[in-house]
Each structure stands twice: as structure tokens, then as C-alpha cells.
Number of protein chains: 2
Amino acid sequence: MKLPKKVKINEVVLRDGLQLEAKILTLDEKKKIFDQLVKAAVQTIEFGSFVHPKLVPQMANSGELVELISENPNDVKLIALIPNLKGAKNAREKGVKNLNFVFSASDTHNEQNVQKSTKDSLSELKEILSYCKEQDICLSVSIATTFGCPFEGEVKKERIYWILEQLTSLDLETITLADTTGMANPQQVYDLITELTNKFPHQLFNLHFHNTRGMGLANMMAAMQAGVTSFDASLGGLGGCPFAPGATGNICTEDVVHMLHSMGIETDLSLDELLIASKTLQQLVGHETPSYVLKAGPYDRKYSIPTKK
Amino acid sequence: MKLPKKVKINEVVLRDGLQLEAKILTLDEKKKIFDQLVKAAVQTIEFGSFVHPKLVPQMANSGELVELISENPNDVKLIALIPNLKGAKNAREKGVKNLNFVFSASDTHNEQNVQKSTKDSLSELKEILSYCKEQDICLSVSIATTFGCPFEGEVKKERIYWILEQLTSLDLETITLADTTGMANPQQVYDLITELTNKFPHQLFNLHFHNTRGMGLANMMAAMQAGVTSFDASLGGLGGCPFAPGATGNICTEDVVHMLHSMGIETDLSLDELLIASKTLQQLVGHETPSYVLKAGPYDRKYSIPTKK
């Protein structure tokens, strides 16, 4: 089983993790989570998004948050999600240096999210990119619904090729392939990544999985076997699917790191500190999270022999 | 990614799934679950165990249960777990035709479970086997803590070799390798199965995974890549670890079947009927279960476009 020696984790709890939470976290609460993540040596954090505050109220304080955390001891890379050029401009005003433009591979999902066809979002991307170059901002792209659309069903790989053919010629920091509503299976992940790597041999991909149907870590294994070494993950497995109430969110950072470390794959993160961060998060959101390792402890935790009754 | 075309599922909810449940299920309730499993076309069911009723009260009605379900429309294979010769004799009295003798690869775990060393359980196995032959009973064996012991930690592969060298010469129906407390990781699973298959090329193994640390389906994928085509699974993901309260149980039958079918791997089971069974189970045990697909629905479920507010 061919696996990488080292994997990079991009922490998304402050954005994807929190955006569907009913309780709006204050700046101080978000800062508390951020500080714990820094203690765990997380190097890349998607900290918020610049979208209309009425649409995602949880993200309304993203601008204030970045002002609060941009100076931090580990010089953590801070990324904001944007859905359009307006978001890019608002983020720049707050001094954000790294943006992630998200659009969907399927038209129906993109229209639901940003009231545009995929083609129109791709046109807007070119405007955003030239704006970012002008402003000295690093731009990344996330392709939502890469592995399936909750409205349309299957997303044909030819459509992903068509999108990537336009993206790979641009000067983008990272391209993320996102399984937005947890529809992917391991065979599909392995096959698609293998084909994409053959078609676009110079492009590295970051993968974004949700654990909606329990296959998150299995999909991650399949992606690693196909050569991927960079993944989004959310502390506590927070996040979710707006269409499936109660469904589990993103793949859980501490479960991911626990699995990787147990297989001898490096991440540079501290599992112990992540577990402290995850416990803090649980207290702040006020409910249990889907984290496994927070409940069960790591695999090498030894139990003492019960005393006879 | 090399995967099998077909996989066999051995349903263990009535035994491993229920044994730690606080609420003792009545005969009628267990029969209800059994009937739904039969509707889902489950072919092999571990329905109970013959252990001291004071130790596992939930299993005390196993003898009555088998009398109630032995005549069933699909001629389902009914297996009872036994920890010793006495259990074998009690099961035979109730007419059970298939027994599964469980012991642990690690001495400390075996001593906790059956107050014997692994070596002494292996001696007892020989007695049980000759008794079963005499009585025309099929005997299988499960090796608990194959991938790690919650008391001792690592279980060396040489110990698994030592056990298997004694087992493979015997006329056993199935040998199950069990990750009893969910300590295994995919790399470890792939490596151990590959080595065992080289060392014992004529032996087929059944695998038993718990999802304690979220790696259950990833471990199953690794086992399939190493050639395994037979797995234990528990409806609703019920089951647990006596040492980690709240930790998740066995890999969940409907999540397993959903993953397999989504990859085009046959099981002969009906996912729709399994989901009905899982809903019934949830009502009978009186709490939410760790099933993902019961919550989120299958990957190909399409959502209608939300109407504008």
C-alpha cells in the first residue's frame, strides 16, 4: 500500500466547520479556538468567508477576526473563502493575503450558491485573479461538487476536465477538489485522481472530504494512494450538509491526524493539543461533535485491568 | 485499486451489537430485528452467545431465541458465540448447528474475558472441536485483539503466526481476525493480511472491525485491497467497547453495504430493507445509533431545489 510520508492539513473549522452552527460564535470564542489550533502547530487555517452576512451570519465577523489573529506567533497562513469579486475586495480591505474562490462543478449547485452558472463563475475567476495579482494576494480555487451534486446527481468527469483545463493554465496557489455533500466513494476518488494526475501531471490537488456517509477517512486513504498529500479537515468533524440535518460534517482533524500518525505519516501537528482544542470547541458550540478520538482516546491508550468486584 | 467483485457480510448486531446495551431486549424484540434482517436478505447471522447470563445478561435468552428463529424462510445460517466447552454444550442442547469460539491473541485480554491464558484456550479449542465433530456442529474461531490489546498495547505478528499455525491445520469453518477495541489502522491491516496470506495461502479470513476511532471503513478498504472478501458488521453500527464509554461500535452494516454498492461491489443484500431494519433497531434500543446512511440517506439521493423565501 503506497502512501505518502508526510501530509499537509488545512484547518477549516472556523469557516466550513462553523458556518452551519446555530449559535453564532463571538470574536473572542473564535480567537480561543484559533489560539488552540496555533498551539497544535496548525500551519494553514481557513478562518472565515466574505459572503453576504445575511446568508451566513456565522461568518459576519470574519473581517474583525482577521484583524485580531493576523499577528500570531507561528505566522499561520490565513485564508478567506470568497464567492465573488466583491468578496475579494472586502477581504482585501481587511488585509487578507490569501483568498480561496469557491464555485461548483454543477450548474444547479452553483446557481443555488451564487446565482450563476459554472461558466459565469469561471469568467468571474479571471477578473478576481487579475485583481488579486494587482493587490499582491495569493488566489486558490475550490471546486465544489467535484464528486457529485445533491441536485443533479453524478458530475461527469468530462466536466471536471473542462474546468481544470481552464484553471491549470492560470497562476493559482492551490486547486481544491471538494466532495461538498459527502457523495464520493473510495474507488471513485482513486480513479478520478489517477486520471486527473495523468491529464494534468504538473498540478497538485488539495482534497476536501465530508464524512456524511461515513466514508471520509476511506476516501482520504484512496486519495493518498493516488498521490494526494494535502487535505482540508475540520476540528471536531464540525460542519455539515444543509440538505441532511444531523449529518456529519467535514473529515475530523484529530481523527485524520490520529490515523496518519498511527500509520507513521508525519503532519507536524500535535494530536494532544488538537484534542484540547477539540474539547474547547465542543464547549463553545455547546454540543457533542462527531470526533471519534476525542471520545475514545488514541489507539495506543492503555487501560488498566479492572479490579474484581 | 484492486477490489473484490463480491463481499460476504456476517451480521452480528444480535450478539456483538446488543451485548453492551443497557436495555435488555425481549425475545419478541430480537425476533423483530431478525425478521427485518431476513427481509434484507442477510444470509449469516451471529444471533447470540452462550456465556454466563450474569456476565452478559443481554444474551441470556439466546437459547430461547434460536428456538424461535431456526425455522426461517431464507434458511439463514445461525451462529452462536461460545467462550468455552460448556457454552458449546449448552448451545448444542438448543440445537445450534454453527458455533464461533472466541479467544484473545493477548493473554491479558483473554484472562479478563475467560480467566485463561491464550495457550489454555487453544487447548480447550481442541476439546471443543472434537466435541463439535462428534455432534456434527460446524466450528469457527474468532481471534480477538489481533490488531492490538487495550491492556498490553501492540500484539506482535509473531504471536498471530503462532496461533494461526495451530488453527490452520484444524478443520475450522472460518477464522475471524478481530480488531476488538478498534485499534487497527489501514496500513497495519493491509500489511498483516498480506503477510498472513503469504504464510497461509490456503486460509481465507473473515475480518471483524470496530469503528472506535473512525477508521472502520478505511480498514475494511485496506483488507479488501489485501484480498479479504468476508466481514462482520453490525446493523446501525451498534456495539461498543467496554473500556471507552460512548465510543462507537462495530462497522455499521448499512454503511458498509452502501459503500460497497456505491463502488459496484455486490453483497446480495437490500440496502433499503437494511435501512428499515436499522430504523426499527433504533426504536427498540431507544437511542440514536452511529449509522451514517440512516441519517444522511444514500449518496444518490437527490434533493429538490429549495424554493426562494
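Naming convention: chains lettered A, B, ... in sequence-line order (proteins, then strands); numbering from 1 in each chain. Predicted model only: the values in this text are computed from it and were never measured.
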By a 4.5 Å heavy-atom criterion (distance strictly below it), what part of [X] contacts chain B: side chain, backbone, both, or neither?
X: A:P298; answer: backbone
X: A:Q225; answer: side chain
X: A:E152; answer: backbone
X: A:T108; answer: side chain
X: A:L3; answer: side chain

- [ ] Would you please say whether a donor-acceptor pair under 3.5 Å links the side chains of B:D16 and B:H210?
- [x]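 Checked: B:D16/B:H210 side chains pair up, N/O donor to acceptor below 3.5 Å.
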
Open item on the list: We want to know whether A:R213 and B:S262 form a side-chain donor-acceptor pair, criterion being a heavy-atom distance below 3.5 angstrom.
Closed with: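 No, no side-chain donor-acceptor contact under 3.5 Å.
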
Task: Pick from B:N211, B:L294, B:T194, B:I251 with the largest number of heavy-atom pairs that fall under 4.5 Å of chain A - done: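 Among B:N211, B:L294, B:T194, B:I251, the one with the most close pairs to chain A is B:N211.
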
Task: Partner residues of A:E154 under the side-chain contact (heavy atoms from CB on, under 4.5 Å) criterion, sequence neighbours left out - done: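 For A:E154, the residues satisfying side-chain contact (heavy atoms from CB on, under 4.5 Å) (neighbours in sequence not counted) are A:K156.
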
TODO: Taking side-chain contact (heavy atoms from CB on, under 4.5 Å) as the test, write out the residues that go with B:P186, two or more places apart.
DONE: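 Partners of B:P186 by the side-chain contact (heavy atoms from CB on, under 4.5 Å) criterion, ordered by chain and then number, come out as A:M221, A:M259, A:M263, B:M215, B:A218, B:N219, B:A222.
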
Open item on the list: Using every non-hydrogen atom in the two residues, find where A:V155 and A:C149 come nearest and quote the distance to one decimal.
Closed with: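 Shortest heavy-atom contact: CG2-N, 3.8 Å.
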
Open item on the list: Given A:D107, which partner from the list A:Q112, A:K119, A:R159 fulfils the side-chain hydrogen bond (donor to acceptor under 3.5 Å, both in side chains) test?
Closed with: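 Testing A:D107 for a side-chain hydrogen bond (donor to acceptor under 3.5 Å, both in side chains) against A:Q112, A:K119, A:R159 leaves exactly one candidate, A:R159.
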
Task: Side chain proximity check, A:V256 to A:V7, heavy atoms < 4.5 angstrom - done: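 They are not in contact (no side-chain heavy atoms under 4.5 Å apart), so the answer is no.
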
Task: pair B:T181-A:Y303: side-chain heavy atoms closer than 4.5 Å - done: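 No, side chains not in contact.
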
TODO: May I ask you to list the residues in residues 228-238 of chain B that approach chain A closer than 4.5 angstrom, counting heavy atoms only, ordered by number?
DONE: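 Result: none.
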
Open item on the list: I'd like to know which of A:G216, A:A184, A:G214 tops the heavy-atom pair count under 4.5 Å against chain B.
Closed with: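 Of the candidates given, the most pairs with chain B belong to A:G214.
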
Task: All pairs passing salt bridge (Lys or Arg N to Asp or Glu O under 4.0 Å) where residues 184-196 of chain B contributes a residue, at least two apart - done: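 Only B:K157-B:E195 qualify under salt bridge (Lys or Arg N to Asp or Glu O under 4.0 Å).
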
